[in-house]
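Some notes on the structure that comes next.
Proteins get letters first, then strands, A, B, ... in listed order; numbering begins at 1 in each. The model shown is predicted, which means the values in this text are computed figures rather than measured ones.
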Amino acid sequence: MLLKGEISVIVKLKLFAASREIAGSGETLESLPDAATLRDLRDKLFAAYPDLGNLRVQFAVNRAYVSLDTVLEDGDEVACIPPVGGG
Amino acid sequence: MLLKGEISVIVKLKLFAASREIAGSGETLESLPDAATLRDLRDKLFAAYPDLGNLRVQFAVNRAYVSLDTVLEDGDEVACIPPVGGG
Amino acid sequence: MADKRFVVTDALIKADPLVSQLVMAEAGAVVTFVGVVRGNSEGRQVLHLEYEAYPEMAEAVMQQIAEEVRARWPDVQEVAITHRVGRLEVGETAVVIALSAAHRPSVFDALHYAIDRVKEIVPIWKKEVWADGSEWKSEQ
Amino acid sequence: MADKRFVVTDALIKADPLVSQLVMAEAGAVVTFVGVVRGNSEGRQVLHLEYEAYPEMAEAVMQQIAEEVRARWPDVQEVAITHRVGRLEVGETAVVIALSAAHRPSVFDALHYAIDRVKEIVPIWKKEVWADGSEWKSEQ
C-alpha cells in the first residue's frame with residue numbers, strides 16, 4: 001500500500017511550441033505523489049525550467065482547459081500550452 | 001431641319017424579366033421627339049403596356065440609374081429594370 | 001479574362017477562384033459570401049431557379065459596390081463578385097462575393113454590406129419555378 | 001474522413017471543400033473566413049511560418065467553438081473549421097472557417113466571433129521565420 005506523498009501517479013506531459021523548446025522535449029512521463037494537483041506539476045516544471053514561468057502557459061488535462069486545483073489521476077494526459085497563435 | 005416635336009431621337013430599349021414578358025420582347029428601338037426625357041419614354045411604355053405600371057420599374061440610361069428628367073440622346077441604351085432579385 | 005473581378009456567367013461558380021484572385025502578400029484575411037439556391041421559399045418547394053441579368057450593367061454596378069465598400073472601409077483591399085445566370089438547381093451557387101484585407105475587423109461588416117447591395121441594386125432577376133407555377137422574386 | 005467538420009492537417013487547404021460540406025437544401029448562405037500567411041509582420045519580412053498543433057485537443061476546441069456559435073446565433077446551421085500545420089509559405093492558407101445559415105443576418109457576426117475564438121483558444125502555435133531569426137507569435 002502506498003502512503004500519501006509516495007509516487008503513485010504517472011501522467012503523460014505534452015509540451016508544445018516555446019514550452020517544448022525550453023524543456024527540450026515534446027513529451028515526457030511525470031511521476032507525482034498521490035493526490036497531486038495540476039498546480040503541483042506546474043510548480044515542479046517551473047522549478048526544473050525557470051524560463052517556462054515567463055511564458056504565461058496554461059494547462060490542459062485530457063484535452064480540456066482545467067483549473068490548477070484539478071487533482072491528477074494516473075494515466076492523465078497533461079498539456080503545457082503557451083499562448084496560442086492560430087489563425 | 002427638324003422642328004421640336006418631330007421624331008429625331010432613336011434609342012435602344014432593353015427590357016428584362018417581368019418587363020420583358022409583359023412587353024413580349026427584350027429589345028426594341030423607340031423613336032422619340034427631340035428633347036424627350038426618360039419620363040416621356042416611360043409614359044409611352046406605360047400607355048402601351050399598362051401592366052408595366054404596376055411593376056415598380058426603374059430605368060437606366062447607358063447602364064447607369066438616372067433621373068426621369070434625363071434628356072435622351074440619339075443612340076442611348078435605355079433599360080427597363082423591374083425590382084431586382086440577385087443574390 | 002482570368003482576373004476579371006466582376007463577372008456575370010452561366011458557368012458553375014466556386015469560392016476558391018475568387019479567393020485566389022485576392023490573395024496577395026499583404027492580404028491576411030479573405031472572406032467570402034456564397035449564396036446557394038434553397039429548395040424552399042416561403043413554404044413552397046422550389047424546383048429550380050431561372051436567373052436573368054443585364055450583364056454589362058450588372059458588372060458595372062458590382063464595381064460600383066466595390067467602390068462603395070472601399071470608401072466606407074478603407075482597410076478593405078480588394079473585392080470580387082461573380083453572379084451566375086441561367087437555370088440553377090437547388091444547392092447550386094448563385095453568387096460569390098470575396099473581400100480581402102490586411103487585418104480582420106473591417107471585413108465582416110463590409111461583406112454584409114456588399115451582399116445587401118448586390119441584392120438591392122445589381123440588375124439581376126430571379127424566377128422561382130414551382131411544380132404549379134413560377135414567379136419573379138425580389139427582396140425589395 | 002471526407003465529412004469531418006473540425007480538422008488539423010498538414011495538406012494544402014481550400015475554401016470550397018468546406019462550403020460543399022455545409023451546402024444543404026436549406027442553407028441559403030455560406031460564409032467563409034480564409035486566413036492567409038502575410039509576407040510582413042510588424043515591419044519585418046516573413047520568410048515562412050511554422051505552425052504546430054496539439055491536434056486532438058485543437059479539433060475538440062474547434063468543435064466547442066462551433067457549439068458556442070450555435071448557442072449565440074441559433075440561425076447558424078453548420079460550422080466547419082480546418083487549420084493547416086507545418087511549414088507554410090507566404091500567400092498560403094492557414095485556416096478556413098465556414099458557417100451556413102438559411103438566411104443572412106446572423107452569419108457575419110458569427111463568422112467574426114468564430115475566427116476570434118480560433119485565435120484565442122485553439123491550441124495551435126505559429127513561429128515566424130525571418131532572415132535573421134524567428135519567434136513564436138501570439139495575439140493574446
Side-chain angles (χ1 to χ4, degrees), chain A residues 9-30 37-39 41-42 44-46 48-87, chain D residues 6-9 13 33-38 41 46 49-65 67 81-86 88 92-97 111-129 134-140:
Chain A
V9 172
I10 298 180
V11 301
K12 179 160 69 173
L13 174 67
K14 296 173 83 90
L15 301 111
F16 296 95
S19 68
R20 174 178 51 71
E21 292 177 345
I22 289 168
S25 168
E27 188 168 321
T28 67
L29 293 176
E30 296 291 329
T37 64
L38 184 55
R39 181 176 286 103
L41 175 58
R42 182 199 65 171
K44 179 181 170 187
L45 269 177
F46 284 6
Y49 306 105
D51 286 347
L52 276 186
N54 302 323
L55 263 191
R56 294 181 295 128
V57 296
Q58 296 180 79
F59 289 87
V61 174
N62 300 331
R63 305 172 184 176
Y65 295 107
V66 294
S67 150
L68 289 171
D69 296 325
T70 302
V71 175
L72 297 176
E73 310 277 344
D74 197 56
D76 278 350
E77 178 175 297
V78 180
C80 177
I81 301 197
V84 300
Chain D
F6 309 102
V7 177
V8 173
T9 176
I13 62 177
F33 178 92
V34 178
V36 177
V37 176
R38 272 182 291 139
S41 174
V46 173
L49 297 185
E50 296 278 353
Y51 279 97
E52 176 174 337
Y54 181 10
E56 306 88 344
M57 181 172 167
E59 293 176 358
V61 172
M62 290 171 180
Q63 179 154 13
Q64 173 199 323
I65 292 169
E67 286 157 12
I81 306 174
T82 298
H83 204 299
R84 192 169 158 211
V85 292
L88 272 75
E92 291 188 335
T93 297
V95 62
V96 178
I97 301 175
L111 183 63
H112 192 170
Y113 177 87
I115 179 61
D116 283 353
R117 291 294 278 163
V118 165
K119 290 174 181 257
E120 281 167 13
I121 66 168
V122 176
I124 292 181
W125 299 271
K126 171 172 61 184
K127 179 182 265 185
E128 288 184 2
V129 180
S134 65
E135 190 173 279
W136 293 101
K137 301 290 279 189
S138 171
E139 292 192 20
Q140 293 184 300

Self-check item: Exercise: do A:Glu77 and D:Tyr54 side chains pair donor with acceptor under 3.5 Å
Solution: yes
Testing the basics here: between [X] and [Y], what is the closest heavy-atom pair and its distance to 0.1 Å?
X        : Y        : value
A:Val84  : D:Lys119 : CG2-O, 3.4 Å
D:Trp136 : A:Ala18  : NE1-N, 3.6 Å
A:Pro83  : D:Ser138 : CB-OG, 3.5 Å
D:Ile121 : A:Tyr65  : O-OH, 2.6 Å

What residue, out of [options], has the most heavy-atom pairs lying under 4.5 Å from chain A?
options                               : result
D:Lys137, D:His83, D:Glu139, D:Glu120 : D:His83
D:Ala60, D:Gly35, D:Pro123            : D:Pro123
D:Val122, D:Val85, D:Ile115           : D:Val122

Quiz item: Is D:Glu59 salt-bridged to A:Arg63, going by a charged N under 4.0 Å from an acidic O?
Solution: no
Exercise. Could you tell me the separation between the CZ atom of A:Phe16 and the CE atom of D:Met57, rounded to the nearest 0.5 Å?
Key: 9.0 Å
Exercise. Mind ranking A:Gly86, A:Pro82, A:Ala17 by heavy-atom pairs under 4.5 Å with chain D and telling me who comes out on top?
Key: A:Ala17
Self-check item: Residue D:Ala58 versus chain A: region with a heavy atom under 4.5 Å
Solution: neither
